[in-house]
Amino acid sequence: MTNKKDENKLIAERRSKLDLMREGGNAYPNDFRRDSLSGQLHQTFDAYKDETLREEHIRVAVSGRMMVKRLMGKASFIKLQDQSGQIQVRVERDSLPEGIYQRFKKWDVGDIVAAQGELFRTQTGELTILADEIRLLTKSLRPLPEKWHGLSDQEMRYRQRYVDLIINESSRNVFQKRSQIVTYMRSFLEAADFLEVETPMLQTTPGGANARPFKSHHNALDMELYLRIAPELNLKRLIVGGFDRVYEINRNFRNEGVSTQHNPEFTMMEAYRTYAEYTDWMDMTETMLHGMVDALNGSTLVSYQGEEFDFGKKFMRMTVEEAIEAYNPEFDMARIRDREYLADYCVKIGVNVQDNYGAGKLQIEIFDATGEAELREPTFITQYPTEVSPLSRKNDDDPFTADRFEFFVAGREIANGFSELNDPEDQASRFRAQVENAKAGDDEAMSYDHDYIRALEYGMPPTAGIGIGIDRLVMLLTNSASIRDVLLFPHMRPESFD
RNA sequence: GGGGCGUUAGCUCAGAGGUAGAGCAUUCGGCUUUUAACCGACUGGUCGUAGGUUCGAUCCCUACACGCCCCA
């Protein structure tokens, strides 16, 4: 895929056409203004009969990429594609000024073309513009992929997303839907009086999640910086500051492997509200997703990779320990918090056990290995072990567990929420435990954030928060198998241009 | 990190140890209501890269690159 190889005959032919255009004046004019989009025209005039259109002499100016060109002697049909869709244009020699048609015949599919004329309907009923003016605005030097099969080469779809977007309507739809999802979420939160904020991507102490960060360096200050792995601690600082409801929709960065469900940078919505607990967020998540799916699909049903989920129903709720019981028939529930038994069980099912793992961590290892993938229907898993929830509030009656949930659909974690730990002394001891984990070799352990403890010491009101993985949610609602399908420019190894 | 599959014309794909194939696109000709327009003619290739085996490799082998899928 080198530049040299790219310079083939097809491109050379187009380049020589461009050279002719340059000789004829400005080859890249920017003085045309359209007055209509194809989608609007269809919406407004698809119901009009041909006679009505001809009587009313509706003159429109459109422009877009020429996606179809059917030449028939002295007349042709072309289709121009803009963001809203396509509109057909009839190009006749005798309806255009002298000589224009001859030039038009040399234009290529892919060129950016402007056309003006009156609307009519063809014999087969297609809304069409009879051009009395037509211009080539931008020459396309590179041929587009084949019209029927489109672009199916996955590598090229990801690397040259612009070509994918030109050719594949399904791809355009995914990203339009992604925007609708984020807009819905934002409206939902705004309607509930949440304040949208932006907090730093560059941090001196990365925190808020168990993950490895990307390191960077500030030259002028000669200091190490990290790309954030989560905005959590900063958002809770804002709660301390007195904002009762805040949220942020933005990028997180985690220095981990790439897979169908992981991209090094991904988008997360995090929201915090005071005087609420985790169950309030479960209810709110349920309400938001019901409404979102209905608004997006016109139905509460979601089809995903051969499965169908009803987002109109109440979501299932199960504790971590119940899930272990449900998916491990031979597990002895009498010993669900017995570290030794849990460690033996892990070994039995092939899970790696470290010396510093407590009963809670072992439970989660078992849940991840045996339960997570089985959670197909929308399900809240609750009561995560406190040991693996260093920022969550302990349950008042059962401090082994935290007031925390995760939300799963199709075997994948979509959201994570909890009642926030606002006791600075408890938080300090949790940080110390994390530091111990780091010393024991856990490179995903959190570091001790002194300023965060100081903030909590000023007093953080009782609060609950949630994080929703936007990319995975978009995957689910657009029936996309890979996270790369919902990222405009997914991470790829560099291409060589030798 | 391990395993499997893939990489052939601009695109979508066949193919076989012995001169490289189709459709679409391009180029040329024809056609004033097409809908993957149609009809005729032509053109288009370092078969991912580098080695090896062989009289001969695009095909077999090895390594590498990139991608996809699965596993950790």
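Lettering follows sequence order; numbering is per chain, from 1.
Taking the C1' atoms as reference points, B/C42 lies 41 Å from B/G52, given to the whole Å. Here, B/U62 and B/A72 have their P atoms 27 Å apart, quoted to the whole Å. Comparing B/A9 with B/G23, their P atoms sit 16 Å apart, to the nearest whole Å. Rounded to a whole angstrom, the distance from the C1' atom of B/U19 to that of B/C59 is 15 Å. Atom P of B/U53 sits at a distance of 26 Å from the matching atom of B/U46, rounded to the whole Å. B/U32 and B/U58 have their C1' atoms separated by 48 Å, given to the nearest Å. Taking atom P in both B/G56 and B/A63, one finds a spacing of 23 Å when rounded to whole Å. Nucleotides B/G10 and B/U49 have their P atoms positioned 13 Å apart, rounded to a whole Å.
To the nearest angstrom, P of B/A9 lies 16 Å from CZ of A/Arg142. Regarding A/Phe77, its CZ atom lies at a distance of 9 Å from the C1' atom of B/U32, rounded to whole Å. If you take CH2 of A/Trp107 and C1' of B/A25, they are 20 Å apart, rounded to a whole angstrom. In this structure, the CE atom of A/Met67 is 15 Å from the C1' atom of B/U35, given to the nearest Å. Taking atom CD of A/Gln354 as the reference point, atom C1' of B/A72 lies 14 Å away to the nearest angstrom. Between A/Leu151 atom CG and B/G67 atom C1' there is a gap of 13 Å when expressed in whole angstrom units.
Interface remark: the A/Lys9 side chain does not form any donor-acceptor pair with the B/U27 base, using a distance-only criterion of under 3.5 Å. The base of B/U33 is not paired with the side chain of A/Thr124 by any donor and acceptor separated by under 3.5 Å. Between the side chain of A/Arg93 and the base of B/U32 there is no donor-acceptor pair of N/O atoms closer than 3.5 Å. Between the side chain of A/Gln88 and the base of B/U34 there is at least one donor-acceptor pair of N/O atoms closer than 3.5 Å. Scanning atom types as modelled, one donor and one acceptor separated by under 3.5 angstrom connect the side chain of A/Glu126 and the base of B/U35. Interface remark: the A/Thr122 side chain does form a donor-acceptor pair with the B/U35 base, using a distance-only criterion of under 3.5 Å.
In this entry B/C5 has B/G67 as its Watson-Crick or G-U wobble partner, both defining distances falling under 3.5 Å. The partner of B/A14, taking Watson-Crick or G-U wobble pairs whose two distances both stay under 3.5 Å, does not exist in any strand shown. With both pairing distances under 3.5 Å, B/G56 is matched to nothing as a Watson-Crick or G-U wobble pair. Base-pair partner of B/A20: not found among the strands shown (Watson-Crick or G-U wobble, both distances under 3.5 Å). The partner of B/A41 is B/U27, judged by Watson-Crick or G-U wobble contacts that both fall below 3.5 Å.
The residues A/Glu444 and A/Arg254 are annotated as not salt-bridged, no charged nitrogen and carboxylate oxygen being separated by less than 4.0 angstrom. Ion pairing of A/Asp111 with A/Lys106 is absent here, as no side-chain N (NZ or NE/NH1/NH2) approaches a carboxylate O to less than 4.0 Å. Residues A/Glu265 and A/Arg251 are paired through a salt bridge, judged by an N-O separation under 4.0 Å between the basic side chain and the carboxylate.
Within 4.0 Å (heavy atoms only), A/Arg484 reaches sugar-phosphate atoms of the nucleic acid but no base atom. Among the heavy atoms of the strands lying under 4.0 Å from A/Lys17 are primed sugar atoms or P, OP1, OP2 only; no base atom is included. If you check every strand for non-hydrogen atoms under 4.0 Å, A/Lys106 touches sugar and phosphate atoms only. Among the heavy atoms of the strands lying under 4.0 Å from A/Lys147 are primed sugar atoms or P, OP1, OP2 only; no base atom is included. Heavy atoms of A/Tyr101 sit nowhere under 4.0 angstrom from any nucleic acid atom. Among the atoms of the strands shown, none is found under 4.0 Å from any heavy atom of A/Arg14. Among the protein residues, A/Arg70 comes within range of the nucleic acid bases, having at least one heavy atom under 4.0 Å from a base atom. Nucleic acid contact for A/Gly150: sugar-phosphate only, since backbone atoms but no base atoms lie under 4.0 Å from a heavy atom of the residue. Contacts of A/Thr260 with the nucleic acid, taken as non-hydrogen atoms under 4.0 Å apart, involve only primed sugar atoms and P, OP1 or OP2. The residue A/Leu71 sits close to a base: some heavy atom pair falls under 4.0 Å.
A/Arg65 pairs with exactly one of A/Thr138, A/Leu137, A/Ile112 by the side-chain contact (heavy atoms from CB on, under 4.5 Å) rule, that one being A/Ile112.
At B/U34, none of the side-chain N or O atoms of A/Thr128 fall inside 4.0 Å of OP1 or OP2 (strictly under the cut-off). For B/U33, the OP1/OP2 oxygens have no side-chain nitrogen or oxygen of A/Arg90 closer than 4.0 Å.
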Open item on the list: Let's go through A/Glu51 and A/Arg54 carefully: what are the C-alpha distance in whole Å and the side-chain angles of both, what is the deciding distance for salt bridge (Lys or Arg N to Asp or Glu O under 4.0 Å) to 0.1 Å, and is it a yes or a no?
Closed with: CA-CA 5 Å; A/Glu51 307 90 77; A/Arg54 288 178 194 270; over 6 Å; no
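A ring-centre distance under 6.0 Å is found for A/Tyr345 and A/Phe331.
Side-chain contact check for A/Asn479 and A/Gln305: at least one donor-acceptor pair (N or O, by modelled atom type) lies under 3.5 Å. Side-chain contact, A/Thr401 with A/Gln383: a donor N or O sits under 3.5 Å from an acceptor N or O.
Both A/His491 and A/Gly125 lie close to RNA chain B; mapped to their nearest nucleotides by heavy-atom distance, the more 5′-ward contact belongs to A/Gly125. In this structure, A/Lys79 and A/Pro143 both approach RNA chain B, and ranking their closest nucleotides by distance from the 5' end singles out A/Pro143.
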